[in-house]
Amino acid sequence: MRDRHRTGDELRRQVLGDTHVDRADAEMTDVDRDFQTLITESAWGTVWASDGISLRERSMLTLALLAATGNFEEIPMHIRATANTGASQRDVIEAFQHVAIYAGVPRANRALKLAKQTFDEMAASRE
């Protein structure tokens, strides 16, 4: 279990960045400590750590699933993570086109708006 936690923390940092993980850790309380452990060990230490598909593919799947299920709050975070996973803007657009066909145009439209905004912010921060 400890190995999964360590692996999950390392991968979460690789994908989302130290700043994001350090902030989440600093904000953790007794209320969400078990939940954060679950996410670190299950999502990051098991699913994201699997070598079955690449981080690029996993990033695209995550974005498509977030959009398809209407979980828009996490889309900007995962758009920023594409800088670390290798998923390109074109990859994201393709993923959201699939969302439009299989889960609905309104969800894909909202996801694309968030992606455009986040990609613009990322570009501005590099200038």
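Within the 4.5 Å cutoff, side-chain heavy atoms of Arg4 are placed close to those of Thr46. The shortest distance between side-chain heavy atoms of Ile79 and Phe119 falls below 4.5 Å. The side-chain heavy atoms of Leu11 and Leu55, taken from C-beta on, include a pair separated by under 4.5 Å. Taking 4.5 Å as the limit, every side-chain heavy atom of Ile75 sits out of range of all side-chain heavy atoms of Thr118. Side-chain atoms of Val47 and Arg58, non-hydrogen and from C-beta on, do get closer than 4.5 Å to each other. Looking only at side-chain heavy atoms (C-beta outward), Trp44 and Val15 come within less than 4.5 Å of each other.
More than 12 heavy atoms of other residues, nucleotides or ligands shown are found within 6.0 angstrom of CZ on Phe72. No more than 12 heavy atoms of other residues, nucleotides or ligands sit less than 6.0 Å from atom NE2 of His98.
Of the charged side-chain nitrogens involved, at least one lies within less than 4.0 Å of a carboxylate oxygen, so that Arg13 and Asp25 count as a salt-bridged pair. The pair Arg6-Asp3 counts as a salt bridge, with a side-chain nitrogen and a carboxylate oxygen less than 4.0 angstrom apart.
No hydrogens or angles considered: a donor-acceptor pair under 3.5 Å links the side chains of Glu121 and Gln117. Of the N and O atoms on the side chains of Thr37 and Asp34, not one donor lies less than 3.5 Å from an acceptor on the other residue.
Panel note: side chain Asp22, backbone Thr19; no donor-acceptor pair is recorded below 3.5 Å.
Separation of atoms OG1 (Thr7) and CH2 (Trp48) is listed at 15.5 Å; rounding is to 0.5 Å. Atom OG1 of Thr29 and atom CD of Gln36 lie 9.0 Å apart (nearest 0.5 Å).
The shortest non-hydrogen separation linking Phe96 to Ala108 is O-CB, 3.3 Å. Nearest heavy atom pair, residue Gly17 against residue Asn84, reads N-ND2, 4.4 Å.
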Next item on the list: Output, in order, the C-alpha distance, side-chain angles, deciding distance and verdict of salt bridge (Lys or Arg N to Asp or Glu O under 4.0 Å) for Arg12 and Asp9.
Entry: CA-CA 5 Å; Arg12 189 176 179 202; Asp9 185 64; 5.5 Å; no

